[in-house]
Participant: 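So that we are looking at the same thing, I have put the structure below in structure tokens.
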Amino acid sequence: MNPISERISKIGVVPVIKLNHPESDAAPLAAALCEGGLPVAEVTFRAAGAATAIRLMHEAQPEMLVGAGTVLSTAQVDEALEAGAQFIVCPGLDPDIVVYCQQKGVPVYPGCTTPTDYHTAYKLGLEVLKSFPAEQSGGLAKIKSMAAPFAMFKIMPTGGISLKNLKEYLSCSTICACGGSYMVTADLIDNQKWDEIIDLCKKSVEIVNEVRGNG
């Protein structure tokens, strides 16, 4: 895996963030994630201010990994990279976006759930794939089944991940890291419940350490 993927794998959990008010919330959220032990964020382009959020989080906590999620076009790739994004996440597998990111030298994690997706990703030379929506697409059982013919991939499941099933997912050797929004819900962010976010991050880190022997 590339150095960014290695760092993500070591952290184990990627907060998936939709920021409605980046000017007021990006910096304190970045601080909360880092204090909680999850110095990484996938900022989704489902919110209009995603690029602003990426830039402000990166400026507030230069040491953390900040990437862009829900990227649907090469134009959004450019916007994300200009804002300082260090990795790109897509909900589906678009070969044009993948090749564009490869040409730009930025890691890209496309959503893959079918054998055709995996085979296309193999031909594109990818190493880490996003499984989305993970739980709704068959969960860990599906991921394990797909690993039989496609053992070369590490997977980042997103969708339906919580503290209740995080340990089960991370216990699978195929899993690189898990994406989740349970520690960065709209309620927690919009109401600036930074202490609660820190606590949920710490609980996530405890599970990562327990499963991977980092404690």
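Values below: every heavy atom of this structure, side chains too, minus hydrogens, waters and symmetry copies. Here, residue 1 is the first one in the sequence, and each next residue gets the next number. This is a predicted model, so every value here is computed, not measured.
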Participant: Nearest 0.5 Å, please: how far is CE in Met183 from CD1 in Ile161?
Facilitator: 10.0 Å
Participant: Any side-chain to backbone donor/acceptor pair from Asn165 onto Ser162? Under 3.5 Å, distance only.
Facilitator: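 Present.
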Participant: Apply side chain to side chain contact (heavy atoms under 4.5 Å, CB included) to residues Cys176 and Ile155 and explain how you reach the verdict.
Facilitator: CA-CA 5 Å; Cys176 169; Ile155 306 299; over 6 Å; no
Participant: Keeping Glu135 on the side-chain end and Gly159 on the backbone end, is there a donor-acceptor pair under 3.5 Å?
Facilitator: no
Participant: When hydrophobic residues are tied together by side-chain contacts of less than 4.5 Å, even through go-betweens, does Leu163 share a cluster with Val16?
Facilitator: no
Participant: Pro15 pairs by side chain to side chain contact (heavy atoms under 4.5 Å, CB included) with which of Val43, Val184, Ile197?
Facilitator: Val184
Participant: Do the side chains of Thr158 and Ser131 get nearer than 4.5 Å, heavy atoms only?
Facilitator: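 Of all side-chain heavy-atom pairs linking Thr158 with Ser131, none is under 4.5 Å.
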Participant: For the residue pair Leu166 and Tyr182, establish whether any side-chain heavy-atom pair is separated by less than 4.5 Å.
Facilitator: yes
Participant: Which pair of heavy atoms, one from Ala68 and one from Ala85, lies closest together, and at what distance?
Facilitator: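 That would be N-CB, 4.2 Å.
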Participant: Rounded to the nearest 0.5 Å, what's the gap from CG on Leu65 to CD1 on Ile4? Could you check?
Facilitator: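 CD1 of Ile4 is found 5.0 Å from CG of Leu65.
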Participant: Looking only at heavy atoms, which two atoms of Gly160 and Gln136 are closest? And how far apart?
Facilitator: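 Of all heavy-atom pairs spanning Gly160 and Gln136, the closest is N-OE1, 4.5 Å.
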Participant: Tell me whether Leu38 shares a hydrophobic cluster with Val128, the cluster being built from Ile, Leu, Val, Met, Phe, Trp, Tyr side chains joined at under 4.5 Å.
Facilitator: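 Yes, because Leu38 and Val128 connect within a single hydrophobic cluster, where side-chain heavy atoms sit under 4.5 Å apart.
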Participant: Quick check: does any side chain N or O of Glu59 sit under 3.5 Å from a backbone N or O of Ile54, one acting as donor and the other as acceptor?
Facilitator: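 Absent.
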Participant: Please evaluate residues Arg7 and Val40 with respect to the criterion side chain to side chain contact (heavy atoms under 4.5 Å, CB included), reporting the C-alpha separation (whole Å), side-chain torsions for both, the decisive distance (0.1 Å), and the verdict.
Facilitator: CA-CA 9 Å; Arg7 285 182 63 187; Val40 59; over 6 Å; no
Participant: Do Leu129 and Val71 land in one hydrophobic cluster if side-chain heavy atoms of ILVMFWY residues count as linked below 4.5 Å?
Facilitator: yes
Participant: Would you say Met156 and Ile8 make side-chain contact, with heavy atoms under 4.5 Å?
Facilitator: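 Yes, their side chains come closer than 4.5 Å.
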Participant: Take atom CD in Glu6; do more than 12 heavy atoms of anything else shown fall under 6.0 Å from it?
Facilitator: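 More than 12 within 6.0 Å, yes.
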Participant: Which residue pairs pass the salt bridge (charged side-chain N to carboxylate O under 4.0 Å, His left out) test when at least one of the two sits in residues 29-42, sequence neighbours left out?
Facilitator: Glu42-Lys130
Participant: Hey, what do you get for CD1 (Ile17) to CG (Leu33), rounding to the nearest 0.5 Å?
Facilitator: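 That separation rounds to 5.0 Å.
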Participant: Using a 3.5 Å distance criterion without hydrogens, assess whether the side chain of Asn191 forms a donor-acceptor pair with backbone atoms of Lys193.
Facilitator: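 Pair absent, no side-chain N/O of Asn191 close to backbone of Lys193.
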Participant: Just wondering, are more than 12 heavy atoms of other shown residues or ligands nearer than 6.0 Å to CZ in Phe150?
Facilitator: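 Atom CZ in Phe150 is packed in, count exceeds 12.
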Participant: With distance as the sole test, does Glu79 use its side chain to make a donor-acceptor pair with the main-chain N or O of Ala75 at under 3.5 Å?
Facilitator: no
Participant: State, yes or no, whether a side-chain contact exists between Phe87 and Val108 at a heavy-atom distance under 4.5 Å.
Facilitator: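 No. Closest side-chain heavy atoms not under 4.5 Å.
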Participant: Could you tell me if Asp117 and Thr120 have a donor-acceptor pair between their side chains, going purely by distance under 3.5 Å?
Facilitator: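 There is no such pair (donor and acceptor under 3.5 Å, judged by atom type) between the side chains of Thr120 and Asp117.
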Participant: Quick check against the 3.5 Å criterion: does Lys142 have a side-chain atom that pairs as donor or acceptor with the backbone of Thr113?
Facilitator: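 Checking the backbone N and O of Thr113 against the side chain of Lys142, a donor-acceptor pair under 3.5 Å is found.
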Participant: Verify side chain to side chain contact (heavy atoms under 4.5 Å, CB included) between Ser5 and Tyr109, making sure each step is shown before the conclusion.
Facilitator: CA-CA 9 Å; Ser5 299; Tyr109 310 118; 2.7 Å; yes
Participant: Which pair of heavy atoms, one from Met64 and one from Cys34, lies closest together, and at what distance?
Facilitator: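 Taking Met64 first and Cys34 second, the nearest heavy atoms are CB-SG, 3.8 Å.
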Participant: Decide if the gap between the ring center of Phe153 and the ring center of Tyr118 is smaller than 6.0 angstrom.
Facilitator: yes
Participant: Heavy-atom distance under 4.5 Å between the side chains of Val98 and Gln102, does that happen here?
Facilitator: yes
Participant: Tell me whether Val208 shares a hydrophobic cluster with Ile198, the cluster being built from Ile, Leu, Val, Met, Phe, Trp, Tyr side chains joined at under 4.5 Å.
Facilitator: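 Hydrophobic grouping puts Val208 apart from Ile198.
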Participant: Which atoms form the tightest heavy-atom contact between Ser24 and Gln192, and what is the distance?
Facilitator: O-NE2, 4.1 Å
Participant: Is any side-chain heavy atom of Leu93 closer than 4.5 Å to a side-chain heavy atom of Thr116?
Facilitator: no
Participant: At their closest point, which heavy atom of Pro110 faces which heavy atom of Gly92, and how far apart are they?
Facilitator: CB-O, 3.5 Å
Participant: Could you tell me whether a side-chain N or O of Ser204 sits under 3.5 Å from a main-chain N or O of Leu200, the two making a donor and an acceptor?
Facilitator: yes
Participant: Just by distance, do the side chain of Ser137 and the backbone of Ala134 share a donor-acceptor pair under 3.5 Å?
Facilitator: no
Participant: Taking a hydrophobic cluster as the set of Ile, Leu, Val, Met, Phe, Trp and Tyr residues connected by side-chain heavy atoms closer than 4.5 Å, whether directly or through intermediates, do Leu72 and Tyr100 fall within one such cluster?
Facilitator: no
Participant: Measure the shortest side-chain to side-chain distance between Pro39 and Gln61 over non-hydrogen atoms and say whether it is less than 4.5 angstrom.
Facilitator: no
Participant: Holding to side chain to side chain contact (heavy atoms under 4.5 Å, CB included), I want the full list of residues that pass it with Asp199, two or more places apart in sequence or in another chain.
Facilitator: Lys203
Participant: Within this structure, what is the NZ-CD1 distance for the pair Lys144 and Ile175, rounded to the nearest 0.5 Å?
Facilitator: 9.0 Å
Participant: Report yes if some heavy atom in the side chain of Phe132 is under 4.5 Å from a heavy atom in the side chain of Val89; otherwise report no.
Facilitator: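 Contact flag for Phe132/Val89 side chains = no.
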Participant: With rounding to the nearest 0.5 angstrom, report the CD to OG1 distance, Gln76 to Thr70.
Facilitator: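 Result: 8.5 Å between the selected atoms.
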Participant: First locate atom CG of Leu126, then atom SG of Cys112, and finally report the distance between them rounded to the nearest 0.5 Å.
Facilitator: 7.0 Å
Participant: If only atom types and distance count, is the side chain of Thr185 paired as donor or acceptor with the main-chain N or O of Leu188 below 3.5 Å?
Facilitator: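 Checked: pair present.
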Participant: For Gly37 and Ile11, work out which heavy atoms get closest and say how close.
Facilitator: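 Looking at all heavy atoms of both residues, the closest pair is O-CG2, 4.4 Å.
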Participant: Where do Lys154 and Glu127 land on the salt bridge (Lys or Arg N to Asp or Glu O under 4.0 Å) test, with the steps shown first?
Facilitator: CA-CA 6 Å; Lys154 292 293 185 180; Glu127 295 179 314; over 6 Å; no
